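Numbered from 1 within each chain, the chains take letters A, B, ... in sequence-line order. Since the structure is predicted, the reported quantities are computational estimates derived from the model, not experimental observations.
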Amino acid sequence: MPRRTGPRARAAGVRPDPYRVWLSEIMLQQTTVAAVKSYFTAFTERWPTVTAPASARDEDVMAAWAGLGYYARARNLLKCARVVAGDYGGQFPQDHATLLTLPGVGRYTAAAVAAIAFDDPQVVVDGNVERVMARLHDEHTPLPQAKPLLTDYAAALTPPTRPGDYAQAVMDLGATICTPKRPACGLCPRRAPCAAWAAGTMAELPKKAPKKRKPTRHGIAYLARRVDGAWLLERRPDKGLLGGMLGWPGSDWGEDPAEAPPIRAEWRALGEEARHTFTHFHLRLTVKTALVPMERAPDRGDFIEAPDFSPADLPTVMRKAFDLAQGALEQAALGWSA
DNA sequence: TAGACGTGGGG
DNA sequence: TCCCCAAGTCT
């Protein structure tokens, strides 16, 4: 993965594979290197070139993305791979403006791919770069208002040569030394010209608009296990939260959700709720389980045979519900509860 | 354009 | 146990 191996891992002048650069930048959006690493390895081993995910089944790619979050990235990854495979002969466009037209590729990613994969000196501005620029210039204007100014600062520093190495270097600096909290200024190669260091304000920059509190929503998830071990699951619609992902059929998520069992059964609620926090709300999920006979047909969802089901294919909130149910089953089997 | 959109780790 | 935070894009 380019960002982790770093510029020094490559011989000067050798351009990294645009597909791998694009894939890693998509995965790294709002996500740490540590979280991305195993996913990047799994993706590139299974789908080594952009034509591979382009011809993959949606469900396989969504399952491989499960747990990484922001699932619109995976849906757009599929769209983008198919555009590149279909409209560009399997070769990523090199032009920044054309990159920007690809699904899931915004200003940051287009600039990063152009700079890192194609040696084009585009101005790469992510959260790390914003922080580094705010500190170098002791800029106290809060984000996102300060973004244009910080981009100007970044542009003034972007070199005409080796822009990819430069971009990765600044982002690495932000990730490892010029960190959000307790920056390691003693190790910083740009301490001398840093205005925030001179002013002693580095730890409070960049300023940001205050965050809003998250409301708590409630919901019910229904985990039906057929006597042969199959599980009742449902593919979520492409739009919206967890779009395109597999999940347990459930109620709406809100103040006081109504029952919405997907199949007739004797439902029993677990003693403990599954708790999960999304970007903009907390969720407390009541988990209900039932054992259903072979011949009974569900009103919603489809039974997936036990060998075809892996909880790793589920988004985290759904996997938490599964883990709770499993734990309850094991406790019951061991006679720990009635 | 502000809000929607995940998750895991640190305090 | 929470609360807060972090490597964007789309609508």
Side-chain angles (χ1 to χ4, degrees), chain A residues 1-4 6 21-40 62 65-77 79-80 99-113 115-116 124-133 143-145 147 150-151 154 167-183 203-204 206-217 236-245 247 253 272-285 312 314-320:
Chain A
M1 198 166 54
R3 189 83 58 82
R4 172 53 108 189
V21 173
W22 162 76
L23 180 62
S24 64
E25 293 304 338
I26 298 296
M27 288 185 166
L28 285 163
Q29 289 168 6
Q30 302 284 12
T31 310
T32 60
V33 169
V36 162
K37 209 168 180 193
S38 64
Y39 286 85
F40 182 79
M62 298 312 287
W65 195 276
L68 246 199
Y70 284 121
Y71 298 99
R73 293 183 295 170
R75 302 194 300 274
N76 284 328
L77 178 155
K79 286 186 198 163
C80 182
L99 285 166
L100 210 41
T101 67
L102 298 172
V105 176
R107 280 181 27 137
Y108 162 75
T109 304
V113 171
I116 297 169
V124 179
V125 182
D126 71 346
N128 288 305
V129 177
E130 288 176 350
R131 186 169 57 255
V132 170
M133 296 305 144
L143 286 166
Q145 195 189 334
K147 172 118 184 166
L150 298 178
T151 300
Q168 293 184 82
V170 180
M171 292 190 284
D172 280 347
L173 181 72
T176 62
I177 291 175
C178 196
T179 50
K181 281 171 283 191
R182 297 169 51 92
E204 59 195 72
K207 303 275 192 192
K208 294 190 176 180
K211 314 240 188 276
K212 294 174 178 166
R213 273 187 59 86
K214 299 183 205 298
T216 297
R217 296 187 194 170
R236 298 175 64 88
D238 252 0
K239 301 266 180 194
L241 194 66
L242 309 179
M245 298 302 290
W253 294 347
E272 190 183 351
E273 292 173 317
R275 293 182 174 203
H276 192 72
T277 299
F278 294 101
T279 313
H280 52 297
F281 65 93
H282 303 290
L283 179 66
R284 290 176 180 225
L285 204 52
L314 301 175
T316 299
V317 63
M318 300 295 174
R319 191 179 44 69
K320 284 183 181 175

Heavy-atom pair of closest approach, residues A:Val124 and A:Ala115: CG2-CB, 4.0 Å
Contact class for A:Lys211 (heavy atom, under 4.0 Å): base, sugar-phosphate, or nothing? sugar-phosphate
Classify A:Leu242 by what it touches in the nucleic acid, base, sugar-phosphate, or nothing, heavy-atom distance under 4.0 Å. sugar-phosphate
Any idea which of C:dG8, B:dG6, C:dA7 is nearest the A:Arg131 side chain? C:dA7
Could you check whether A:Gly67 gets within reach of a base, just the sugar-phosphate, or nothing at all, counting any heavy atom under 4.0 Å? sugar-phosphate
Base, sugar-phosphate, or nothing for A:Lys208, non-hydrogen atoms under 4.0 angstrom? sugar-phosphate
Got a donor-acceptor contact below 3.5 angstrom from the A:Arg131 side chain to the A:Cys178 backbone? yes
Report the nucleotide, chosen from B:dC5, C:dG8, B:dT7, that has the shortest atom-to-atom distance to any side-chain atom of A:His280. B:dC5
Locate the shortest heavy-atom distance separating A:Phe40 from A:Ser24; write the atom from each residue and the value. CE1-CB, 3.6 Å
Residue whose nearest DNA chain B nucleotide is more 5′ - A:Gly69 or A:Lys181: A:Gly69
For A:Lys212, answer base if it contacts any base atom (sugar-phosphate contacts may also be present), sugar-phosphate if it contacts only those atoms, and nothing otherwise; contact means non-hydrogen atoms under 4.0 Å. sugar-phosphate
Side-chain contact test, heavy atoms from C-beta onward, threshold under 4.5 Å: evaluate it for A:Gln29 versus A:Arg73 and give yes or no. yes
For a quick check, tell me whether the side chain of A:Thr31 and the base of B:dG8 share a donor-acceptor pair closer than 3.5 Å. no
Touch check for A:Thr32, heavy atoms < 4.0 angstrom, all strands: base, sugar-phosphate only, or nothing? nothing
Does some side-chain heavy atom of A:Phe281 sit less than 4.5 Å from a side-chain heavy atom of A:Leu241? yes
For the pair made of NE2 in A:His276 and P in C:dT1, what is the distance, rounded to whole Å? 16 Å
Rounded to the nearest Å, what distance is computed from the CG atom of residue A:Leu143 to the P atom of nucleotide C:dG8? 12 Å
Give A:Gly240 one of three labels, base, sugar-phosphate or nothing, depending on what nucleic acid heavy atoms sit under 4.0 Å from its own. sugar-phosphate
Span that lies between the C1' atom of B:dT1 and that of B:dC5, in whole angstrom: 16 Å
For atom CG of A:Asn128 and atom P of C:dA6, their distance in whole Å: 10 Å
Atom-to-atom span, CD of A:Gln29 to P of C:dA7 - whole angstrom: 13 Å
Under 4.0 Å between any heavy atoms, over every strand shown, what does A:Arg182 touch: base, sugar-phosphate, or nothing? Just pick one. nothing
Between A:Lys239 (NZ) and B:dC5 (C1'), how many Å, whole number? 13 Å
Closest to the A:Asn76 side chain: B:dG6, C:dG8, C:dC10? C:dC10
Starting from C1' on B:dC5, measure out to CG on A:Leu283 and report it in whole angstrom. 15 Å
Rounded to whole Å, the CZ-P distance (A:Phe281 to B:dG3) equals 16 Å
Regarding A:Ala175, tell me which of base, sugar-phosphate or nothing describes its non-hydrogen contacts under 4.0 Å with the strands shown. base
Base of B:dG6 paired with side chain of A:Thr279 (donor-acceptor, under 3.5 Å): yes
Is the phosphate of B:dT7, meaning OP1 or OP2, less than 4.0 Å from a side-chain N or O of A:Thr316? yes
Determine yes or no for a side-chain-to-main-chain donor-acceptor pair under 3.5 angstrom, with A:Lys214 supplying the side chain and A:Thr279 the backbone. yes
When the distance from OH of A:Tyr70 to P of B:dC5 is rounded to whole Å, what number comes out? 10 Å
Assign each of A:Lys79 and A:Gly127 the nucleotide of DNA chain C bearing its closest heavy atom; nearer the 5' end lies the nucleotide of A:Gly127
Contact class for A:Val129 (heavy atom, under 4.0 Å): base, sugar-phosphate, or nothing? nothing
Mind running side chain to side chain contact (heavy atoms under 4.5 Å, CB included) on A:Met133 and A:Thr151 for me, showing each step along the way? CA-CA 8 Å; A:Met133 296 305 144; A:Thr151 300; over 6 Å; no
Checking all strands, does A:Thr277 fall into the base, sugar-phosphate, or nothing category for heavy-atom contacts under 4.0 angstrom? base
